[in-house]
Each structure stands twice: as structure tokens, then as C-alpha cells.
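Bear in mind that the values here come from a model prediction, so they are computed numbers and not experimental data.
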Protein chains: 2
Amino acid sequence: MNSQLAFNALGDPTRRAIFEKLQHRPMAVIDIADGLPISRPAVSQHLKILKEAKLITLKTVGNNNIYELNRDGIIAMRNYLDQFWDDALTNFKALAEQTEKEKK
Amino acid sequence: MNSQLAFNALGDPTRRAIFEKLQHRPMAVIDIADGLPISRPAVSQHLKILKEAKLITLKTVGNNNIYELNRDGIIAMRNYLDQFWDDALTNFKALAEQTEKEKK
DNA sequence: TCTATTAGTAAGTAATAACTTACGGTAAGT
DNA sequence: ACTTACCGTAAGTTATTACTTACTAATAGA
């Protein structure tokens, strides 16, 4: 429904990079940070935002926090875009018919 | 394919507001700006970003620049998310099989 | 032709967001 | 118990980006 947070979250290139890393497999924070040009705490901050946007989830195993993709958030965004375009089409069609009438 | 610009563009709440305004009907800049809490030039700047992201197009009619949604950009984002999740599933399945093998 | 309307760009400022370092807390291993 | 490894949060700084005002250009209409 409210995919506002998700769009905000994926608006940042670094968060998209993290998101795409998790596409390969669930990962601990330290592994996510590895290779990225920013510090581990910065990664943690990004993860928090992605989590709040319901794009990822977290499970704790020992003292590793394993993050993985969350289907719900991804599907929500997809649905938003689908619905968005559907509604737009409906509106445009109604608009076309109305201006057609006004010609007469 | 490259929906990077699109995700950046829709990362901003104001641009999403503009985007959703255009869902109702194509609109001139002045109409888009009307009701928004920012100046018209600011709106122009946002429109430029949305246009470069291929989320909207523009046609000039006399003095008016009429902006409207661009299906291509919207579909591109949708496809990205679809493909993204598909690939994730494939990866996770392969991963599960591999760790299954390693148990033996 | 003169004026009003529409809109994009430039330059500088204000607001926001991303980052770093420092710290504390918990779990695992010796 | 002590040390090491992993991680999140806080506070402050830096960098980005969103915004305003001022300007210019083009079309429409009187």
C-alpha cells in the first residue's frame, strides 16, 4: 500500500547497491560492507532505512545480523507502478471521451 | 533497462507528487505548480529530472509545455523489480541446493 | 507593436542526507 | 574471565540537492 518509504529508500544509489548485493544471497552486515566504499556504520544506517521500508528483513544468528530481501516490499512497489499506470489509462480514456462530447 | 535515473527521480516526495498529478491528466507547468508549496521554477527543475528519467514526456503547444506520463519509464521500473525478484529466487534456490549437497 | 502569459536556466542559499569517528553492548572462542 | 568479532547508535561534519530570486526568451492577444 504505502510504498512511499520504499521509493525513498531505493532513491539512493548506495542503498540500491546494497539491495542488489542481497539479491545474490542473504548476508551479514560485515559482508555487505565489504567492497563498498563506505564505513560499516554507514552501511548499518542504510540497512535500517531499507528495513523500515520493508524491502529487507533481518534475522540474528549468534552475533551476526543476517539481512535478506523481503518480497512484500518489492511486490508493493511493483503493484504501485501497475496500479498507477492502470489508473492513468482509465483517467485518460475518460478525458478523451469527455472532450469528444464537448465537440458536439 | 537502466532504470537508475527513474529510481533516483521517484526518490523525492515532491517529484512523486508531481508524478501523481500527471496521473489525472497531462498538464501545463503552471497547472502542475498550482497547489504545490514550491515555486514554479522549482517545479521546472523537477520536471527536467523526471523527463531525463524517461518518466514523463513533453509537448509544446503555443506557450504551454504540456507534460504527460511516459509509459516506457514506468514499465522499465516495473520490469526491473520483476526481474530482480525472479533472479533472487533463482539464486536462493541454487544456494539451497548447494548447501544441501554439502551436508552429505 | 506593445503587453501579458508561460516557461527554462543561472546563481546563490537553505535544508537535507550521507558519511565519519567514537562508543557501548552482546555473543563466541580461548 | 578475558579477548575478539560483530553490530547498532550518537554526535558532529561534509556533501548533496532542493529551493528562491533574478533574468531571458518565446508565443498569444489587444
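- Screening residues 11-24 of chain A for salt bridge (Lys or Arg N to Asp or Glu O under 4.0 Å), with sequence neighbours left out, gives no hits.
- If you measure from atom CD1 of A:Ile38 to atom C1' of D:dT13, you get 16 Å, rounded to the nearest angstrom.
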Restricting to nitrogen or oxygen on both sides, can you table the protein-nucleotides 8-10 of chain D pairs closer than 3.5 Å?
residue	atom	partner	partner atom	Å
D:dG8	OP1	A:Asn65	ND2	2.9
D:dG8	OP1	A:Tyr67	OH	2.5
D:dG8	OP2	A:Ser44	OG	2.5
D:dG8	N7	A:Arg40	NH1	3.1
D:dG8	O6	A:Arg40	NH2	3.0

Detail all sub-3.5 Å separations between protein N/O atoms and N/O atoms belonging to nucleotides 25-30 of chain D.
residue	atom	partner	partner atom	Å
D:dT27	O2	B:Asn63	ND2	2.8

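- The distance from atom CD1 of A:Ile49 to atom P of C:dC19 is 9 Å, rounded to the nearest whole Å.
- Note on ring orientation: taking the six-membered ring where Trp is involved, the planes of A:Phe84 and B:Phe19 are parallel (angle under 30°, cut-offs 30° and 60°).
- Distance, A:Asn8 CG to D:dA18 C1': 14 Å, rounded to whole Å.
- Applying the 4.5 Å side-chain rule to ILVMFWY residues, one finds A:Ile66 in the same cluster as A:Val61.
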Listed pairs, N/O of protein and of nucleotides 14-16 of chain D, under 3.5 Å:
none

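- Computed from coordinates, the A:Asn64 CG to C:dT26 C1' distance equals 12 Å when rounded to whole Å.
- At C:dA17, none of the side-chain N or O atoms of A:His46 fall inside 4.0 Å of OP1 or OP2 (strictly under the cut-off).
- Here D:dA5 presents its P atom at 9 Å from CD1 of A:Ile30, a figure rounded to the nearest Å.
- Sorted by first and then second residue, the salt bridge (Lys or Arg N to Asp or Glu O under 4.0 Å) pairs with a member in residues 73-88 of chain A read A:Arg78-A:Asp82, A:Arg78-B:Asp82, A:Asp82-B:Arg78; sequence neighbours excluded.
- Look at CE on B:Met27: it is 16 Å from C1' on C:dA7, rounded to the nearest Å.
- Between A:Asp31 atom CG and D:dC7 atom C1' there is a gap of 13 Å when expressed in whole angstrom units.
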